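Below: one structure, written as structure tokens.
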Protein chains: 2
Amino acid sequence: MTKPRSRRGGGRPTIADVARKAGVGAITVSRALREPGRVSEDLRRQIQEAVDELGYLPDPNARALASARAEVFGVLVPSLTNSVFAEVLRGIYDSLSDSSYRIQLGNTHYSGLEEERLLQVFGPQRPAALIVAGIDQTPTSRRLLETAGCPVVQVMETGPDPVDMMVGFSHFDGGKAATEHMIETGYRRIGFIGARMDPRSQRRLAGYRAAMEAAGLFDARLITTTPVPSSVTLGRELFRDALAKVPTLDGVFCNNDDIALGVLFECHRASIAVPKTIGITGFNDLDMMEVAFPSITSIRTPRYEIGRLSVAMALAAIAGKRPQEPVVDLGFELKCRESTAR
Amino acid sequence: MTKPRSRRGGGRPTIADVARKAGVGAITVSRALREPGRVSEDLRRQIQEAVDELGYLPDPNARALASARAEVFGVLVPSLTNSVFAEVLRGIYDSLSDSSYRIQLGNTHYSGLEEERLLQVFGPQRPAALIVAGIDQTPTSRRLLETAGCPVVQVMETGPDPVDMMVGFSHFDGGKAATEHMIETGYRRIGFIGARMDPRSQRRLAGYRAAMEAAGLFDARLITTTPVPSSVTLGRELFRDALAKVPTLDGVFCNNDDIALGVLFECHRASIAVPKTIGITGFNDLDMMEVAFPSITSIRTPRYEIGRLSVAMALAAIAGKRPQEPVVDLGFELKCRESTAR
DNA sequence: AAGGCAGATGGTAGCGCTACCCATGACGTC
DNA sequence: GACGTCATGGGTAGCGCTACCATCTGCCTT
């Protein structure tokens with residue numbers, strides 16, 4: 001009974017089926033679905049009925065081809081397991097869940113080359129927007145972003161020269177604020193412990209250094225870093241190294257909270273009093289920092305908000321409403337807790 | 001000089017441009033790119049040159065429309081911030097990074113309705129494969145998966161009735177093993193503390209109950225759960241509740257490691273000796289469990305491997321090589337540590 | 001020598017949708 | 001009454017690619 005379907009289509013109803021059933025032209029169905037305001041009330045209802053009866057769902061691939069625009073947000077993060085990016089992603093997803101945009105997520109593994117490769121994969125799809133972590137793209141990546149023909153939001157950091165838009169905060173200032181807090185509290189031999197040392201970590205280190213130098217406390221031996229990916233385990237090990245190198249250490253500013261937690265556990269294990277003998281400050285303020293014993297001082301970063309706002313800005317740009325100020329600094333907050341309360 | 005491009009295409013070279021330049025038919029270019037073996041050595045080289053010179057990249061949308069198949073893996077997870085799924089994702093990404101498949105990631109927020117919505121969005125795209133977390137799909141979701149027309153892998157758990165394929169382990173057995181370990185170690189009033197209580201948590205609880213009943217130790221008042229999402233903070237609070245309810249508590253099996261960490265911190269804070277007064281067992285064995293002080297006993301789950309294998313199975317199925325056994329149980333491992341060593 | 005067959009290449013006709021342009025009618029303006 | 005303008009709807013022609021089928025060549029059978 002049913003009319004024979006073509007070889008390729010799986011037999012799903014097409015826009016032509018809906019048009020036939022509703023007694024209108026295909027283009028009118030297309031309009032009714034995308035710009036309901038431009039179709040009369042009557043036809044709109046009629047078309048909706050046909051859509052419901054047939055269970056019609058537009059083919060996103062055909063749409064993308066015809067309109068040279070895919071309803072896809074491309075998102076590039078350097079790591080999936082780093083919970084910092086997980087929360088940015090959560091913000092992105094929450095802001096996009098009401099829309100029909102799909103999200104294509106790429107993992108750059110902190111590699112510029114991998115980022116280039118992924119942009120090369122994303123580009124030809126003509127995504128509706130691109131959200132990328134970081135501001136230190138390679139020249140090739142930057143060119144790919146500039147020629148992507150869609151809004152681009154760089155997130156996590158702020159800087160002077162956005163490809164298009166930026167949402168983040170200053171890691172330098174964060175590192176500086178954390179260090180200054182420890183200095184004010186009375187710590188003197190404050191170490192810096194960092195892993196991975198991606199560009200953001202480097203800037204936190206620079207902030208640490210600026211604060212230490214300003215106070216006349218800087219000493220290169222206080223710095224302990226590694227390119228190895230960050231983990232709680234690594235925090236413990238780096239702390240041991242730092243202490244072996246500088247036995248007079250009386251505080252540590254940790255590149256992130258995982259490291260800080262590792263330091264705290266090692267202090268417990270070695271019966272080093274926190275905050276009395278050693279003060280600890282982390283970075284990011286993960287949930288567990290407040291619960292830890294003693295609770296750990298950290299820099300609260302607006303990760304979720306960065307995700308939300310990046311999408312809001314991208315959607316506004318898609319709608320033609322470019323923001324007055326393309327770079328938004330969401331700031332951070334120093335959370336003073338027991339680990340530096342002496 | 002360049003010939004005028006159509007209104008829509010952004011001026012990118014198309015397959016026709018490559019064909020013209022190489023002096024062959026468009027279809028031969030298409031074949032050279034997708035099935036090099038079917039084109040003669042000579043033409044292949046010629047075409048490759050033209051591709052390189054023009055910087056040609058195939059349009060994935062046109063490809064998807066013409067072949068009724070998008071080079072996209074659809075992945076559905078219930079949470080982005082739960083590091084358990086982050087590691088599954090990492091496995092998926094690592095296994096797919098050499099291929100040209102893109103990954104579309106959906107976040108179901110532990111909601112069956114949201115899962116249905118996302119499947120409805122993914123379906124019309126004709127993805128190459130679908131990977132979904134969990135085995136408790138709604139009837140609608142199940143139908144959508146069955147009619148997706150592509151390989152489907154359910155991950156994280158094993159069960160008797162796969163939609164297509166499954167990779168995971170038994171959460172019931174995991175909960176049972178953890179509880180039996182505590183019983184054998186001498187704990188008697190062992191509480192269960194759980195948050196979120198999604199289907200996997202429920203099965204861990206069932207395993208706990210089975211072990212406790214078998215030992216004649218079960219008491220419903222030992223169970224403390226909440227539908228609230230899991231966090232370290234919540235672990236502390238639920239432990240306080242549990243202790244208030246059953247002051248004679250001498251151990252807890254925690255639904256996951258976040259909870260266990262919260263319990264550990266609360267024990268520190270309240271000067272409760274671990275493992276002497278209270279034994280603690282977690283679930284998943286995150287990195288930090290081994291570093292914690294005291295280190296925390298946990299069930300190591302093969303999260304990364306689940307991600308890897310799910311992709312391997314999907315790719316094999318795409319290539320027409322269906323596995324002998326569609327359900328793969330990757331097991332788990334009990335990691336005995338200081339938190340239950342008395 | 002006729003037929004068959006496999007391998008390599010090309011032509012045609014879409015895939016399902018939307019951009020662009022046009023047709024129509026109702027209403028206003030001078 | 002001729003002419004715009006606006007709102008509404010439709011027709012046509014692609015978007016860039018691949019499925020399907022046809023063609024052509026060379027070589028093997030018999």
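The sequence lines fix the lettering, A, B, ..., with proteins before strands; numbering per chain opens at 1. Note that the coordinates shown come from a computational prediction; the quantities given were computed from them, not determined experimentally.
- dG16(D) atom P lies 11 Å from atom CG of Asn61(B), rounded to whole Å.
- Rounded to an integer number of Å, the gap from CD of Glu35(A) to C1' of dC20(C) is 13 Å.
- Residue Gln154(B) forms a side-chain contact (heavy atoms from CB on, under 4.5 Å) with just one option from Val167(B), Val327(B), Asp136(B), Ile135(B), and that option is Ile135(B).
- In this structure, of dA19(C), dG16(C), dC17(D), it is dC17(D) that holds the atom nearest to the side chain of Ala66(B).
- Of all nucleotides listed (dC17(D), dC17(C), dG9(D)), dC17(C) comes nearest to the side chain of Tyr56(A).
- Distance Glu71(B) CD to dC17(D) C1': 13 Å, rounded to the nearest Å.
- Between the C1' atom of dG10(D) and the CD1 atom of Ile15(A) lies a distance of 13 Å, rounded to the nearest Å.
- One finds no side-chain N or O of Arg69(A) lying less than 4.0 angstrom from the OP1 or OP2 phosphate oxygen of dC17(C).
- A heavy-atom distance below 4.5 Å is found between the side chains of Leu119(A) and Leu130(A).
- Taking atom CZ on Arg126(A) and atom C1' on dG16(D), their separation rounds to 10 Å, with Å as the unit.
- For dA8(C), the OP1/OP2 oxygens have no side-chain nitrogen or oxygen of Arg44(B) closer than 4.0 Å.
- Listed candidates were dC17(C), dC17(D), dG16(D). Nearest to the side chain of Pro58(A) is dC17(C).
- For the pair Leu43(B) CG and dT25(D) C1', the computed distance is 14 Å after rounding to whole Å.
- Of the side-chain N and O atoms in Arg38(B), none sit less than 4.0 angstrom from OP1 or OP2 of dT9(C).
- Using modelled atom types and a 3.5 Å distance limit, the side chains of Arg34(B) and Ser30(B) yield a donor-acceptor pair.
- The phosphate of dG9(D) (OP1 or OP2) has a side-chain N or O of Ser40(A) nearer than 4.0 angstrom.
- Atoms CG (Leu57(B)) and C1' (dG16(D)) sit 13 Å apart, rounded to a whole Å.
- Listed nucleotides: dC17(D), dC17(C), dT18(C). Nearest to the side chain of Thr14(A): dC17(C).
- Comparing dG16(C), dC17(D), dA19(C) by their nearest atom to the side chain of Leu65(B) picks out dG16(C).
- The stretch residues 23-33 of chain A comes close to DNA chain D through Val24(A), Gly25(A), Ile27(A), Thr28(A), Arg31(A), each having a heavy atom under 4.0 Å from the strand.
- Ranking dA19(C), dG9(D), dA19(D) by closeness to the Ser67(B) side chain, first place goes to dA19(D).
- The separation between Asp59(B) atom CG and dC17(D) atom C1' is 8 Å, rounded to whole Å.
- In this structure the side chain of Arg44(B) never reaches within 4.5 angstrom of the side chain of Gln48(B), judged on heavy atoms.
- Between Tyr304(B) and Asp94(B), some side-chain heavy-atom pair lies under the 4.5 Å cut-off.
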